Amino acid sequence: MSQFLNQNPRTHTCHDLNIQNLGQKVVLMGWVQSLRDHGGRRFIDLRDRYGITQVVFKPETNAKLHARSHELRSEWCIGIKGLVEDRKSNGGSPNPRLKTGEIEIDVQELEIFNRSQTPPFLIENQIDTHEDKRLAHRVMDLRRPEMQANFKLRHQVMQATRRYLDKDQFLELETPALVKYTPGGARNFIVPSRLQPKSFFALAESPQIFKQLFMVAGMDRYFQIVKCFRDEDLRGDRQPEFTQIDIEMSFINEEDIYKMTEGLVKSIFDSVLNVKLASSFKRITHTEAMSRYGSDKPDTRFGLEHTDLTPVLKDLNGGGVTLFEQTLSKGGMIKAMCIPKAHELSRTEVSKLEDLVKSMGGLGLGRAKAAENGSAWTQSPFAKQITPEALKAINQACKANDGDLILFQMGKPKLVNMVLAGLRTRLAERFKLIPKNTWDVLWITDFPLFEHDEDTNTYIAAHHPFTSPRPEDIERLKSNPGACKSRAYDLVINGNEVGGGSIRNYDPEVQAKVFEALGVSAEEQESKFGFLLEALRFGAPPHGGIAFGLDRLCMIMAGASSIRDVIAFPKSQRGTDLFTGAPTPIDNKQLLELGLTFRI
RNA sequence: GGGGUGGUAGUUAAGUUGGUUAUAACGCCGGCCUGUCACGCCGGAGGCCGCGGGUUCAAGUCCCGUCCACCCCGCCA
């Protein structure tokens with residue numbers, strides 16, 4: 001029990017005091033950020049969540065205290081009582097980098113709440129410690145001002161969301177995390193039920209069905225800031241548990257969703273970052289995004305757009321190049337990206353790009369440099385074979401001028417797009433084409449309803465099976481599923497997918513047709529999604545919604561390079577918690593209680 | 001599941017064609033210093049070179065395996 005704390009409640013934070021407070025007796029609490037010992041003067045930077053204040057121990061104020069301050073060390077947690085003094089009149093100089101830089105505290109009383117072991121790394125912003133060490137000492141990592149700012153931002157994003165949606169008549173409603181396992185989509189974490197042996201819950205991968213049930217129940221406008229769980233492999237922007245801002249609305253169409261979202265996102269950016277976003281966001285169709293950028297989440301802050309050469313070369317029968325001809329005969333795609341002359345690449349760099357292509361699963365990197373007034377190619381394996389006609393056509397399609405480098409990818413469209421999109425972002429970084437402090441917000445619209453699965457030769461839902469097809473596609477759901485478009489949309493910021501949603505099937509007959517097209521039998525529909533279909537039969541309203549990845553949004557807004565920097569206790573890439581050591585084995589007694597045994 | 005990068009002092013890194021006692025910076029410990037704030041000066045401690053095999057007279061360095069972290073592909077309706 002600290003007498004000091006009882007008798008001396010904190011009067012200010014380490015960010016509060018300035019020249020206005022001269023002569024005041026104050027009490028500050030915090031951590032020792034740094035020590036500077038000058039023999040007859042000992043300076044300490046005291047840090048709390050709010051800032052830093054310099055405190056000074058002087059022998060003439062209290063000789064015993066000055067002597068005792070000698071034992072203080074970095075990251076000790078202390079409280080001090082003292083007088084606010086002017087640094088200048090004390091013979092020092094102000095520190096313009098600190099808000100409290102004009103003053104210092106002459107310490108009269110010192111309380112050491114707790115000593116600290118030597119910290120594993122320095123508690124400062126420009127840290128170069130490897131991430132595994134930061135995660136292993138996460139508490140110390142979270143002490144760093146940079147990290148504290150990230151979590152303050154996260155808090156502000158959540159509060160701005162609640163304020164905006166509350167004002168807009170949304171109800172914040174909760175849905176279960178322990179849910180019925182439903183097939184399809186992300187792999188679920190499975191939770192054994194003790195009370196129902198041999199039965200299992202799934203952790204909700206999203207509240208999708210429940211929010212639709214809310215709409216049927218007449219809740220009209222729902223939102224939730226909710227944890228979702230997906231047992232899939234991790235990435236820099238993917239964690240097994242993550243947070244969504246989940247929204248659903250009744251009696252609306254796409255335009256209502258766009259309007260609501262634009263209002264919400266603008267409000268968040270305005271109140272958190274004081275950034276005014278465009279009044280309505282750009283829109284680009286999925287087809288156009290894939291064609292121009294090879295990605296359904298393009299970063300359109302820079303150019304380096306793709307050119308689809310497939311139609312051009314089809315007309316020219318491959319233009320004399322064997323590789324082109326072979327690709328076309330197999331129904332493949334040929335795409336190019338033109339790197340302007342201004343962005344010079346050395347031979348080594350181009351060969352490194354080829355390594356990158358191969359690491360992404362591509363076969364190689366075709367290239368050609370335009371020369372001789374667009375009548376020749378150099379440094380190209382295609383130069384010997386290509387007909388003059390095709391060469392010109394390609395140059396023209398790519399808008400290639402002399403000295404420009406054309407990079408080619410050919411083969412299956414999915415791979416071509418992925419590889420070329422990877423090259424595009426790599427080159428944008430290489431040539432610093434990405435403007436800082438800009439917010440590129442766009443809608444991706446008109447997604448295909450289904451994706452073709454090559455392995456099983458079946459169609460699977462591109463978004464999820466509750467997504468409504470465009471009305472004009474309902475008739476051809478079965479006859480031509482590949483051509484059907486959905487009423488789904490994604491929100492992309494700076495090349496990150498931060499949100500996605502759709503208008504749902506509220507007509508049980510349409511829903512049944514979609515399931516049918518997906519090859520889900522009537523019996524399966526009832527056993528797996530019966531509760532939803534049942535609800536739809538009780539007067540379901542037209543409805544739709546959207547969900548935002550809160551972590552990704554915060555990552556982008558904080559300028560962080562990984563989602564882990566805005567999640568307090570994230571998992572490592574192999575899905576473990578390096579701080580607590582989770583997951584851990586459990587003992588046989590626990591297993592027995594659950595009616596489980598190991599086979600291995 | 002596949003591909004890549006990395007692992008050397010508390011931290012970040014250097015370490016040559018394999019060859020004396022494995023370096024540096026920061027941090028840490030001790031001393032000096034009355035105006036610092038990346039304080040300064042003097043001195044010192046600190047190493048299973050991720051782990052396990054192998055090659056060799058000799059391995060941080062070469063080979064094989066393995067673990068961990070991160071990035072990418074697959075996966076993420």
Side-chain angles (χ1 to χ4, degrees), chain A residues 33-46 52-60 66 70 73-75 85 87-98 100-101 104 117-124 126-137 140 182-188 205-206 208-209 228-240 242 352 355-362 414-415 418-419 421-422 425-426 447 449-451 453 455 459-467 486 488 497 500 502 514 518 520 549 561-562 564 571-574 576 578:
Chain A
Q33 167 74 33
S34 65
L35 305 119
R36 292 175 297 278
D37 187 350
H38 285 250
R41 285 285 179 277
R42 189 165 289 123
F43 301 100
I44 284 175
D45 285 344
L46 188 66
I52 283 176
T53 298
Q54 174 168 287
V55 304
V56 56
F57 293 87
K58 299 191 264 195
E60 67 266 31
H66 175 258
H70 185 65
R73 291 293 182 271
S74 286
E75 296 308 313
E85 292 185 343
R87 286 199 195 185
K88 240 184 213 161
S89 34
N90 279 352
S93 46
N95 183 345
R97 289 199 301 278
L98 293 181
T100 60
E104 63 190 7
Q117 293 182 12
T118 301
F121 42 77
L122 298 180
I123 308 304
E124 61 187 17
Q126 284 82 29
I127 196 169
D128 51 9
T129 305
H130 292 159
E131 196 170 355
D132 52 338
K133 272 143 195 151
R134 290 175 49 203
L135 289 172
H137 301 278
M140 301 307 279
T182 52
R187 187 181 292 114
N188 291 94
E205 57 185 291
S206 89
Q208 181 59 37
I209 293 178
C228 302
F229 306 89
R230 296 180 185 175
D231 189 5
E232 297 290 348
D233 286 4
L234 290 81
R235 282 283 197 289
D237 62 353
R238 271 167 28 195
Q239 282 275 308
F242 62 100
K352 274 201 175 142
D355 293 342
L356 177 71
V357 168
K358 285 177 179 161
S359 79
M360 287 189 285
K414 208 176 160 186
L415 185 65
M418 191 267 291
V419 169
T425 45
R426 169 65 65 94
F447 278 81
L449 185 63
F450 303 114
E451 265 170 33
D453 184 343
D455 297 337
Y459 283 92
I460 53 170
H463 185 55
H464 56 56
F466 318 113
T467 297
S486 73
E497 182 196 330
S502 64
V514 171
L518 288 167
V520 183
S561 52
S562 147
R564 294 182 297 274
K571 308 285 186 286
S572 75
Q573 187 160 42
R574 287 187 66 254
T576 64
L578 296 178

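It should be emphasised that the depicted structure is a prediction, and the values quoted were computed from it without experimental measurement.
- Residues meeting the salt bridge (Lys or Arg N to Asp or Glu O under 4.0 Å) test with Arg42(A), sequence neighbours left out: Asp37(A).
- Of the possible donor and acceptor atoms, none in the side chain of His66(A) sits under 3.5 Å from a partner among the backbone N and O of Val56(A).
- Residue contacts for Asp355(A): at a heavy-atom cut-off of 4.0 Å it reaches no nucleic acid atom on any strand shown.
- Scored by the side-chain hydrogen bond (donor to acceptor under 3.5 Å, both in side chains) test, Lys571(A) finds Glu241(A) as partners (sequence neighbours excluded).
- Remark: Lys58(A) engages Glu85(A) in a salt bridge, criterion side-chain N to carboxylate O under 4.0 Å.
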For nucleotides 7-10 of chain B, tabulate all protein N/O to nucleotide N/O atom pairs closer than 3.5 Å, reporting atom names and distance.
unit_1  : atom_1 : unit_2    : atom_2 : d
rG10(B) : O2'    : Pro120(A) : O      : 2.9

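- As judged by a 4.0 angstrom heavy-atom cut-off over every strand, Pro96(A) is placed among residues making no nucleic acid contact.
- Residues satisfying the side-chain hydrogen bond (donor to acceptor under 3.5 Å, both in side chains) criterion with Thr576(A), sequence neighbours excluded, are Ser572(A).
- The base of rC76(B) sits with one of its N or O atoms less than 3.5 Å from a complementary donor or acceptor on the side chain of Arg238(A).
- Counting any heavy atom pair closer than 4.0 Å across all strands shown, Asp128(A) reaches sugar-phosphate atoms only and no base atom.
- Electrostatic pairing of Arg36(A) and Asp45(A) counts as a salt bridge here, judged by a charged N lying under 4.0 Å from a carboxylate O.
- The CD atom of Glu124(A) sits 10 Å away from the C1' atom of rU11(B) (whole-angstrom rounding).
- At a threshold of 4.0 angstrom between heavy atoms, the contacts of Glu104(A) include nucleobase atoms, whether or not backbone atoms are also involved.
- Pair assignment for rG35(B): none, as no Watson-Crick or G-U wobble contacts are both less than 3.5 Å.
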What nitrogen or oxygen pairs link the protein and nucleotides 31-33 of chain B at under 3.5 Å?
unit_1  : atom_1 : unit_2   : atom_2 : d
rC33(B) : N3     : Asp37(A) : O      : 2.8
rC33(B) : N4     : Asp37(A) : O      : 3.3
rC33(B) : N4     : Asp37(A) : OD1    : 3.2
rC33(B) : N4     : Asp37(A) : OD2    : 3.3

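- With no hydrogens or angles considered, no side-chain donor-acceptor pair links Gln54(A) and Asn95(A) at under 3.5 Å.
- Pairing of rU61(B), defined by two Watson-Crick or G-U wobble distances under 3.5 Å, is not identified with any nucleotide.
- Summarising the local packing, CD of Glu60(A) is surrounded by more than 12 heavy atoms from other residues, nucleotides or ligands at distances under 6.0 Å.
- Residue-level contact check: Ser74(A) touches the backbone only, with heavy atoms under 4.0 Å from sugar-phosphate atoms and none from bases.
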Extract from the structure each pairing of a protein N or O with an N or O of nucleotides 71-73 of chain B at less than 3.5 Å, listing the distance.
unit_1  : atom_1 : unit_2    : atom_2 : d
rC71(B) : OP1    : Arg564(A) : NH1    : 3.3
rC71(B) : OP1    : Arg564(A) : NH2    : 3.0
rC73(B) : OP2    : Arg235(A) : NE     : 3.2
rC73(B) : OP2    : Arg235(A) : NH2    : 3.3

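- In terms of polar N and O atoms assigned as donor or acceptor, the side chain of Arg73(A) never comes within less than 3.5 Å of the base of rC29(B) in a complementary pairing.
- Here Arg87(A) lies in heavy-atom contact (under 4.0 Å) with a base.
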